[in-house]
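Quick notes on the structure that follows.
For clarity, every value in this text was computed on a predicted model and none was experimentally measured.
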Amino acid sequence: MVGKKEKQGFKAMFKRMLASRLAAAIAAALAALLLLVIVGLGIRSVVLSESKSTKLGFENIGELATQTAYCTSVNVTEGSRELFGVTIPFTQSKYIYSYDIVIKAGFDFTEIEWEIKDTAITVRLPEAKILSSELKWDSFKLYHEDESIFKQIKMEENNEALKNLVQNAETDAVANGLLDNARSNAETILRGFFGNVYNLEEYEIRFINK
């Protein structure tokens, strides 16, 4: 028969074995939990670093004027009758007048492309372009009028003169930085859109030509 001391020794050994296995099971469970946490954090980190919002809002703007130029253009329209290449006296007609013209330049925002790599945002911009040129009819000023009854300015000639007046105003506006300012203002607008989604203290925006 098993003695009292032997029974007590068997119980103590059984308790030690049970405690050892319980501790091992707890350690394994904690290790598995820690592994899941690490993997979860790692997966979340990868997703965040590669995520990209496909719509920031500016894609739906379409054409947007980012710079406006206000010009006053003076035009001289004149004509005369000639005979064998020589101007016939008293047949000269001449007008000198001006109009105000509002010229708007900007971009089609649907053509803008962008991508993110690490902490760099690269934005590809198309060329800035003139979107509209509006002649203000109520701004007309006449400086000189001399019309001969023998040579009146035709409607076709007047329309062509107005077309040239607008084209000259556009050329002058571009020469004075209209498109450059439109590009600069567009970059400022886009920085605002990106700043609403990304922390610009952590991301660098680079604008390049498309």
Side-chain angles (χ1 to χ4, degrees), residues 56-114 121-195 205-210:
L56 293 182
F58 66 79
E59 297 92 344
N60 299 324
I61 292 177
E63 287 189 342
L64 177 67
T66 56
Q67 181 66 23
T68 301
Y70 299 89
C71 309
T72 298
S73 188
V74 178
N75 193 64
V76 178
T77 302
E78 56 185 338
S80 61
R81 292 191 178 277
E82 296 181 350
L83 181 64
F84 302 114
V86 178
T87 300
I88 302 175
F90 309 110
T91 64
Q92 298 95 337
S93 293
K94 184 176 183 179
Y95 293 96
I96 302 176
Y97 56 91
S98 70
Y99 279 102
D100 293 341
I101 303 172
V102 180
I103 305 171
K104 295 181 180 181
F107 295 86
D108 184 346
F109 275 55
T110 61
E111 296 180 358
I112 297 174
E113 300 175 353
W114 63 279
I121 302 174
T122 302
V123 183
R124 294 180 177 85
L125 287 174
E127 291 186 2
K129 61 183 179 180
I130 292 177
L131 301 179
S132 66
S133 297
E134 180 184 0
L135 190 149
K136 296 294 186 180
W137 297 102
D138 57 355
S139 66
F140 173 77
K141 290 182 179 180
L142 181 64
Y143 304 104
H144 177 79
E145 179 181 18
D146 184 10
E147 183 174 77
S148 170
I149 60 173
F150 301 107
K151 174 57 179 176
Q152 296 180 337
I153 304 297
K154 296 180 180 179
M155 183 65 70
E156 294 82 359
E157 294 171 326
N158 186 61
N159 289 340
E160 188 65 26
L162 291 177
K163 186 186 299 183
N164 292 334
L165 181 137
V166 173
Q167 290 176 348
N168 291 336
E170 291 178 350
T171 300
D172 291 342
V174 171
N176 283 280
L178 174 66
L179 299 183
D180 293 335
N181 291 334
R183 167 69 178 250
S184 177
N185 292 338
E187 292 181 4
T188 301
I189 292 172
L190 289 170
R191 285 183 186 277
F193 277 106
F194 282 106
I205 301 180
R206 188 164 62 102
F207 294 97
I208 61 176
N209 294 326
K210 186 175 179 181

**Prompt:** side-chain hydrogen bond (donor to acceptor under 3.5 Å, both in side chains) with T72: which residues, sequence neighbours excluded?
**Reply:** D100
**Residues which pass side-chain hydrogen bond (donor to acceptor under 3.5 Å, both in side chains) with Y97, listed by chain and number, not counting sequence neighbours** = N75, T77
**Asked** If you measure from CZ on R206 to CZ on R124, what distance do you get to the nearest 0.5 Å?
**Response** 8.0 Å
**Request:** Mind jotting down which residue pairs meet the side-chain hydrogen bond (donor to acceptor under 3.5 Å, both in side chains) criterion with at least one end in residues 130-139? Sequence neighbours excluded, please.
**Result:** S133-E170, E134-K136
**Message:** Can you pull out every salt bridge (charged side-chain N to carboxylate O under 4.0 Å, His left out) where at least one residue sits in residues 172-192? Sequence neighbours excluded, please.
**Reply:** R183-E187
**Request:** Hey, could you give me the CG/CD1 distance between L125 and I208, rounded to the nearest 0.5 Å?
**Result:** 9.0 Å
**Message:** For A169, give me all partners under side-chain contact (heavy atoms from CB on, under 4.5 Å), at least two apart in sequence or on another chain.
**Reply:** C71, S73, I101, I103
**Request:** Measure the shortest side-chain to side-chain distance between E63 and D108 over non-hydrogen atoms and say whether it is less than 4.5 angstrom.
**Result:** yes
**Prompt:** By side-chain contact (heavy atoms from CB on, under 4.5 Å), which residues pair with N185, not counting sequence neighbours?
**Reply:** T66, Q67
**Asked** Taking only residues two or more places apart in sequence or in another chain, which ones pass side-chain contact (heavy atoms from CB on, under 4.5 Å) with Q167?
**Response** K163, N164
**Request:** To the nearest 0.5 angstrom, please state how far the CG atom of L165 sits from the OH atom of Y99.
**Result:** 8.5 Å
**Request:** Look up atom OG1 in T110 and atom CG in L64, then write down how far apart they are to the nearest 0.5 Å.
**Result:** 11.5 Å
**Asked** Sequence neighbours excluded, which residues qualify as salt bridge (charged side-chain N to carboxylate O under 4.0 Å, His left out) partners of K141?
**Response** none
**Prompt:** Which residues pass the side-chain contact (heavy atoms from CB on, under 4.5 Å) test with T171, sequence neighbours left out?
**Reply:** none
**Fill in**
CZ (F207) and CD1 (I121) are apart, to the nearest 0.5 Å, by 9.0 Å
**Complete:** E111 meets the salt bridge (charged side-chain N to carboxylate O under 4.0 Å, His left out) criterion, sequence neighbours left out, with none
**Item:** Nearest atoms (heavy-atom pairs only) where V123 meets I112
**Value:** CG1-CG2, 3.7 Å
**Message:** The criterion is side-chain hydrogen bond (donor to acceptor under 3.5 Å, both in side chains); which residues satisfy it with S98, sequence neighbours excluded?
**Reply:** Y143
**Message:** Quick one, K129 and L131 - any side-chain contact, counting heavy atoms below 4.5 Å?
**Reply:** yes
**Prompt:** Under 30°, 30 to 60°, or over 60°: which ring-plane class applies to F194 and W114, parallel, tilted or perpendicular?
**Reply:** perpendicular
**Message:** So which atom in A173 and which in A69 form the shortest heavy-atom distance, rounded to 0.1 Å?
**Reply:** CB-CB, 4.1 Å
**Prompt:** Is any side-chain heavy atom of I205 closer than 4.5 Å to a side-chain heavy atom of L190?
**Reply:** no
